[in-house]
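A note on names: the letters A, B, ... follow the listed sequences, proteins ahead of strands, and every chain is numbered from 1.
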Protein chains: 2
Amino acid sequence: MMRGTTSHAGQGIDPFVPAGGYLSLLLETFSAESRARLDGMARVRTVPAKTVLVREGERPNEIGFVLSGILALTRFLPSGRAQISGLLAPTDMYGRIFSGRSRHHVESLSEARLICFDRAHFEALVAKDAEVERVLLTHVLDELDIAREWVLLLNGSKVIERVASFLILLMSRHGGGLPDARAPMTLQVPLSREDLASYLGTRPETLSRAFHELADKGIIHITDPYRFDVVNLPALIKVSGRDFAPDGGD
Amino acid sequence: MMRGTTSHAGQGIDPFVPAGGYLSLLLETFSAESRARLDGMARVRTVPAKTVLVREGERPNEIGFVLSGILALTRFLPSGRAQISGLLAPTDMYGRIFSGRSRHHVESLSEARLICFDRAHFEALVAKDAEVERVLLTHVLDELDIAREWVLLLNGSKVIERVASFLILLMSRHGGGLPDARAPMTLQVPLSREDLASYLGTRPETLSRAFHELADKGIIHITDPYRFDVVNLPALIKVSGRDFAPDGGD
DNA sequence: CTCTTCTCTTGATGACCATCAATGCGTGCC
DNA sequence: GGCACGCATTGATGGTCATCAAGAGAAGAG
C-alpha cells in the first residue's frame, strides 16, 4: 500500500519550492532571538521516501516542519486501503501541539528534509515566546484555508476537473502565483499515480485517462509520468470549472 | 441559490450543542482577566438564516465566534452554483486574523447567535494576551483536523457512505462521543437537503435516495426530513466504510 | 379556504467512473 | 543478456450518480 516515489519523482527541481526558497521564508519570519532559541532545540534530518514519521493514534513527541520534499497525511480504512487526507509541503507543520493523539499517519512520499523539535520543549517555547506563537497561529490559519481549498477541489464532480484544479494549484505554488497565461510552463508532479489518485479521490486508471484526455485536447504535454508542460492555461482553467484569478491563484 | 433553512430546521434542540453547552466551554477556557478584556470588546448578535456575514474576497473587519446555530463557508463556481466548503458549529471562528482577504462567503444556514469582535482590537488583544493566543491556536489546530476529516469523508466514493459518515459525525458531536451502540438516538439535521447535498458533494435527489435506502435497510428511521432515529449504529458504521471507534469517535 | 410556492420525493435515462483484466515499458537482479 | 517485478497505460463492463421531469405535502398569502 501507499507506493512511494520512484526514482523519477525524486529528481529535478522540487515543484513545491518557490524561487526564493521556503526555508528562508520560514526562518526569517522569526526575530533573531526567537531563531536562536529555536536553533538550540532544532534537529534537522533527512528521511528517504516512504518513511513513517507519525503513526495514527499515537501521541508524537516531535513537532516537525517540512524543509523540502512532500509528506502525506494518510488514514487507513477498514478495507485496508490507505487514503491521503492532506499533503505537507515545505513550511508545513506536523505533530500535535497542546493536544492529544494524531489522527493520521504522517509519511514521506519523496525524500524529505525536516526540522524537528522536541514537543515539550517546543510547547514551552511557544508559551514563553509570543512571537513564535503568533507566527505559528498565522501559519495554522493558512493551512486551514488550504485544507478547505481541497474540500472544494474534491467536490468537483468530474475527475478531469479535479486534475485540472490540482495542476493549477501546483502551478500557483511553484511561482507564488499563476504565470502569464501564454507562456508554457513545465510542472513536476512529486507523486506516483497511485498516491495522486488516492489524494484526488479516484483510482490510477481513471487518473491516467484524465491526463491523456487533457493531452489529447492539446491543453498539456506529457513528457513523462511525472513531468508536464501546461500549453494552454486558459483552457485548463476552463476545464477545472473554477475561476482561478489570473494572478492571485489560491 | 443556497436555500436557507426552513422553519423545520430551526426548531428543536440544536444538534451541535452538547449537554453542557459550548458557550461555557468557549468562555471558561479563558481566565477571568482575559474574559473581562474580551467582554469589553464583544458584541453578541443574533442573525436570521441566510444572512451573509463575510463576502468572498473582502477583508472582514470582524472576528466572530459561533455561539449557536450553523454557518457555512461557501464558494461560488463559474457555473453560478454555490459550493459549501465547510460548516461552522458553536465555538468555531470566522474572519481573518493577521492576514488578508477571505476566500469564502460566510453565511448563516439557520438562525445563529454570534459573538463578534472588532478585528483590529482583537488582534491587539491576541498580541498582548498570551493566554488568548494559546486558546486560539489550539482551537485553530482542532479546526484544521476537522477540515481534514471532511477531506476523508468526501473521498468516500459512494454517496451513502458519506451520508452514513455524516450522521455518525453528527452523533459524536452531539454527545461528545458515540453513545451506546444499542440505544436508539434521535438526530436533528440543521441543513436543508440542498445545503447538505452541496456539502456532501452531491445533489438533493441522490441524497434523498440515500436516506431512504438507509431507512429501507432498517438502519435509521426518518421522522421528518430533518429528524432521524439511528436504530442500528453498528450497521451505520459498517455502511460508512470507516472505523469509528466505539466510544471516542473523533 | 384556495392558490401559490417551496421543498422533498420518486422515476427514467445517459454520462461517468470503479473494477477486472491485459499489455507495454523501464529498472534492478541473477 | 535474460528474467522478474513494479508501475503506467489501455480496453471492456457493470454500477453509481447527475440530470431532466413530474408528483406530493406543507407553509404562507390573499
key: pair B/I160-B/F211: side-chain heavy atoms closer than 4.5 Å   = no
Are side-chain heavy atoms of A/V230 and A/L187 found at a separation under 4.5 Å?
-> yes
For [X] and [N], give me the distance from atom [atom1] to atom [atom2], rounded to whole Å.
| X | N | atom1 | atom2 | answer |
| --- | --- | --- | --- | --- |
| A/D224 | C/dG24 | CG | C1' | 16 Å |
| A/L196 | D/dC7 | CG | C1' | 14 Å |
| B/D216 | C/dT9 | CG | C1' | 13 Å |
| B/D195 | C/dT7 | CG | C1' | 12 Å |
| A/F211 | D/dT9 | CZ | C1' | 13 Å |
| A/E213 | D/dT10 | CD | P | 12 Å |
| A/L207 | D/dT10 | CG | P | 13 Å |
| B/L214 | C/dT9 | CG | C1' | 16 Å |

As a check of understanding: the bend across the helix from C/dC1-D/dG30 to C/dC30-D/dG1, end axes from five pairs, rounded to 10 degrees, works out to 30°
inquiry  = Can you confirm if the aromatic rings of B/H221 and B/F228 lie within a centre distance of less than 6.0 Å?
reply    = no
Original post:
When the aromatic ring centroids of B/F65 and B/Y94 are compared, is their separation below 6.0 Å?
Top reply: no
With sugar-phosphate taken as primed atoms, P, OP1 and OP2 and all else as base, the protein-contact string of nucleotides 19-25 of chain D at under 4.0 Å (heavy atoms; B, S, -) is BB-----
Short side-chain to backbone donor-acceptor contact, [X] and [Y], under 3.5 Å:
| X | Y | answer |
| --- | --- | --- |
| A/R193 | A/P225 | yes |
| A/T51 | A/P48 | yes |
| B/S108 | B/E111 | no |

*When you check the phosphate oxygens OP1 and OP2 of C/dT7, does a side-chain N or O of B/Y226 lie under 4.0 Å from one of them?*
no
Select one nucleotide: of [options], the one nearest the side-chain heavy atoms of [X].
| X | options | result |
| --- | --- | --- |
| A/K158 | D/dT10, C/dC16, D/dA18 | C/dC16 |
| A/V159 | C/dT10, D/dC7, C/dC17 | C/dC17 |
| A/S192 | D/dT9, D/dA8, C/dC8 | D/dA8 |

Is A/K238 salt-bridged to A/E161, cutoff N-O under 4.0 Å?
no
Charged N-O contact under 4.0 Å between A/R103 and B/E149 = yes
